[in-house]
Amino acid sequence: MEVSSPGRICLFGEHQDYLGLPVIAMAMNLRLKIHVQKRKDKKIIIDLPDIGESKSYIINDTINKKPKNIFTSGMKVCIEEGLTYSRGFEVIIHSKIPIKAGASSSSALMVTWINLLSQMADNPIEWNNEKIAQLSYQSEVTEFNLPGGMMDQYSSAFGNFIYLQSLPKINIQTLNPNLGFFVLGDSCEPKDTISILKRCRDMRLNIIRKLKKRDPNFDLNNQDPVDITFLSKDEKNIFNATINNRDILSKALPELKKDNPDSYFIGKCLLEHHEILRDVLDVSTVKIDNMLDAALDAGALGGKITGSGGGGCMFAYAPDNPEIVAEAIEKVGGKSFIINSDVGTLIKET
């Protein structure tokens with residue numbers, strides 16, 4: 001059996017979903033695959049040749065303890081859902097997704113692992129995409145008390161384009177725009193995902209607490225004007241950036257609901273989003289900006305950093321000339337991948 005899931009790029013709503021604001025993401029045709037074979041004992045063996053590592057453990061050994069990694073976390077969550085495992089298995093994991101680069105390699109692994117565990121149970125169960133995404137988020141974020149949102153898990157589980165809003169309740173809309181090609185550019189710069197997420201989240205949560213103290217009904221999703229005169233200059237800039245990014249998504253969404261959206265308009269919106277992420281949230285880098293500039297000079301219509309930032313990946317929107325744009329990104333030191341949208345998590349009998 002082979003189970004696979006895609007990585008993703010975030011079109012709109014970067015650094016917004018953990019605040020309860022909506023996001024629009026595209027699952028891409030760079031996928032992580034797990035090949036699995038059953039064993040006769042209760043041992044699970046995990047081979048990760050892409051990073052030169054392997055892991056093994058006995059089923060149930062760590063289920064009632066705090067999980068040490070996402071593999072034991074996923075198993076713990078599935079057992080809590082009522083699944084049982086009397087036989088182990090061994091897996092080989094390969095991925096085309098850049099690792100630790102903002103392209104959702106870890107969430108693609110988590111989604112694939114949860115989908116695989118649903119099939120390796122004594123009584124296999126067909127969970128829908130929303131259930132797989134929910135359990136993946138629980139396994140990857142909740143179990144470890146991490147600061148991330150749920151865009152990555154839902155995008156990888158559902159595939160293609162999704163609009164996701166997590167508050168007041170989870171709302172998922174599938175979109176089917178004919179956008180054509182993008183070029184993913186890996187800066188190959190390491191990044192500290194947890195630190196960046198925590199900084200960008202905590203400083204805004206602090207602002208929200210101040211606003212709620214003045215007005216208990218304050219809601220970031222509310223379009224009404226807000227009195228921010230009492231905030232510091234930096235806090236005002238950060239709050240306005242959050243609202244502006246919210247509004248960029250709002251104006252792009254109707255266009256993305258069309259079969260053939262205006263490519264130039266989408267490109268312009270992507271650049272507006274990137275400028276805020278770069279200039280106010282300070283999550284871009286000189287190299288990533290150089291890669292984006294090179295892509296634009298080569299004819300890309302827009303683009304932005306993707307993921308938490310501080311390194312990792314950017315992408316350029318290049319529906320008509322992806323090869324030329326990919327070459328331009330390579331010339332300034334990036335590693336490029338021509339991508340388009342792809343389906344969500346899949347199970348394939350081998």
Side-chain angles (χ1 to χ4, degrees), residues 6-28 102-104 107 111 129-130 133-134 136-137 140-142 147-177 179 182 197 200-201 203-205 207-208 211-212 217-226 238-258 261-262 265-277 280-281 283 302 304-309 315 317 341 344:
R8 67 92 190 93
I9 57 175
C10 174
L11 299 184
F12 301 103
E14 200 80 74
H15 280 285
Q16 303 275 87
D17 59 331
Y18 49 72
L19 301 175
L21 289 168
V23 294
I24 297 173
M26 182 191 91
M28 60 182 173
S104 194
S107 294
V111 167
N129 290 338
E130 186 164 5
Q134 173 203 333
S136 299
Y137 175 77
E140 185 178 4
V141 179
T142 308
M150 55 183 62
M151 166 181 61
D152 295 0
Q153 296 83 11
Y154 278 78
S155 181
S156 188
F158 277 82
N160 296 309
F161 295 87
I162 62 165
Y163 166 91
L164 169 67
Q165 186 163 12
S166 57
L167 294 176
K169 63 179 181 179
I170 294 176
N171 172 30
I172 304 157
Q173 297 177 30
T174 56
L175 307 172
N176 296 291
L179 287 182
F182 293 77
L197 285 174
C200 290
R201 181 193 68 168
M203 65 183 179
R204 288 183 290 167
L205 288 179
I207 293 169
I208 292 169
L211 292 168
K212 281 186 173 291
N217 295 318
F218 169 75
D219 182 355
L220 277 175
N221 287 287
N222 194 318
Q223 303 285 333
D224 294 338
V226 179
I238 292 166
F239 176 79
N240 286 329
T242 302
I243 296 302
N244 289 338
N245 278 337
R246 179 200 70 185
D247 293 344
I248 290 169
L249 181 148
S250 294
K251 71 179 181 180
L253 180 58
E255 198 66 31
L256 290 172
K257 288 183 175 181
K258 299 176 182 178
D262 183 335
F265 179 76
I266 295 301
K268 180 174 177 290
C269 290
L270 289 170
L271 282 176
E272 289 178 10
H273 192 7
H274 176 76
E275 287 166 3
I276 294 171
L277 294 167
V280 185
L281 291 186
V283 297
K304 58 178 281 292
I305 193 165
T306 188
S308 62
F315 67 83
Y317 180 35
S341 64

Taking atom CD of Glu130 and atom OH of Tyr154, what is their separation to the nearest 0.5 Å? 5.0 Å
Apply side chain to side chain donor-acceptor pair (under 3.5 Å) to Lys268 and list each qualifying residue two or more places apart in sequence or on a separate chain. Glu272
Checking side chain to side chain contact (heavy atoms under 4.5 Å, CB included) for the pair Leu220/Ile243: CA distance, chi angles, key distance, verdict? CA-CA 8 Å; Leu220 277 175; Ile243 296 302; 4.0 Å; yes
Given the rule in the side chain to side chain contact (heavy atoms under 4.5 Å, CB included) test, do Leu197 and Arg201 qualify, once you have shown the distances and angles that lead to the verdict? CA-CA 6 Å; Leu197 285 174; Arg201 181 193 68 168; 5.8 Å; no
With sequence neighbours excluded, residues passing salt bridge (charged side-chain N to carboxylate O under 4.0 Å, His left out) with Lys258: Glu255
When rounded to the nearest 0.5 Å, the distance separating CZ of Arg8 from CE of Met26 is 10.5 Å
Given side chains that start at C-beta, do those of Phe182 and Leu11 come closer than 4.5 Å, heavy atoms only? yes
Closest non-hydrogen atoms of Val141 and Gly149, given as atom of the first, atom of the second and distance, are CG2-O, 4.2 Å
Inter-residue atom distance Asn240.CG - Ile276.CD1, 0.5 Å rounding: 9.5 Å
Locate the shortest heavy-atom distance separating Ile248 from His273; write the atom from each residue and the value. CD1-N, 3.8 Å
For the atom pair CG (Leu211) and CZ (Phe218), what is the distance rounded to the nearest 0.5 Å? 4.5 Å
Minimal non-hydrogen separation, Ala252 against Ile266, with atom names: O-CD1, 4.3 Å
Got Ile24 and Leu253 here, is their nearest side-chain heavy-atom distance under 4.5 Å? yes
Passes side chain to side chain contact (heavy atoms under 4.5 Å, CB included), Leu179 versus Phe161? Steps please. CA-CA 10 Å; Leu179 287 182; Phe161 295 87; 3.6 Å; yes
I'd like to know if the side chain of Tyr163 reaches the main chain of Lys257, judged simply by a donor and an acceptor atom lying under 3.5 Å from each other, with no hydrogens or angles considered. no
Going from CD1 on Ile172 to OG on Ser166, what distance comes out if it is rounded to the nearest 0.5 angstrom? 10.5 Å
Worked verdict on Tyr137 versus Ile170 for side chain to side chain contact (heavy atoms under 4.5 Å, CB included): CA-CA 13 Å; Tyr137 175 77; Ile170 294 176; over 6 Å; no
Residues Pro177 and Leu175: closest non-hydrogen pair is CD-C, 3.3 Å
Provide the closest heavy-atom pair for Ser156 versus Ser107 in the form atom of the first, atom of the second, distance. OG-O, 4.4 Å
Rounded to the nearest 0.5 Å, what's the gap from CG on Leu164 to CG on Leu21? Could you check? 11.5 Å
Which heavy atom of Val111 sits nearest a heavy atom of Ser136, and at what distance? CA-OG, 3.3 Å
Heavy-atom check, side chain of Asn221 versus side chain of Gln165, under 4.5 Å: yes
For residues 12-20, dump all side-chain donor-acceptor pairs below 3.5 Å to protein atoms at least two apart in sequence or in another chain.
| residue | atom | partner | partner atom | Å |
| --- | --- | --- | --- | --- |
| Glu14 | OE1 | Lys304 | NZ | 2.6 |
| Glu14 | OE1 | Gly307 | N | 3.2 |
| Glu14 | OE2 | Gly307 | N | 3.3 |
| His15 | ND1 | Tyr18 | OH | 2.7 |
| His15 | NE2 | Ser308 | O | 2.8 |
| Gln16 | OE1 | Arg204 | NH1 | 3.0 |
| Gln16 | NE2 | Thr242 | O | 3.0 |
| Asp17 | OD2 | Met150 | N | 3.2 |
| Asp17 | OD2 | Met151 | N | 3.1 |
| Tyr18 | OH | Arg204 | NH2 | 2.8 |

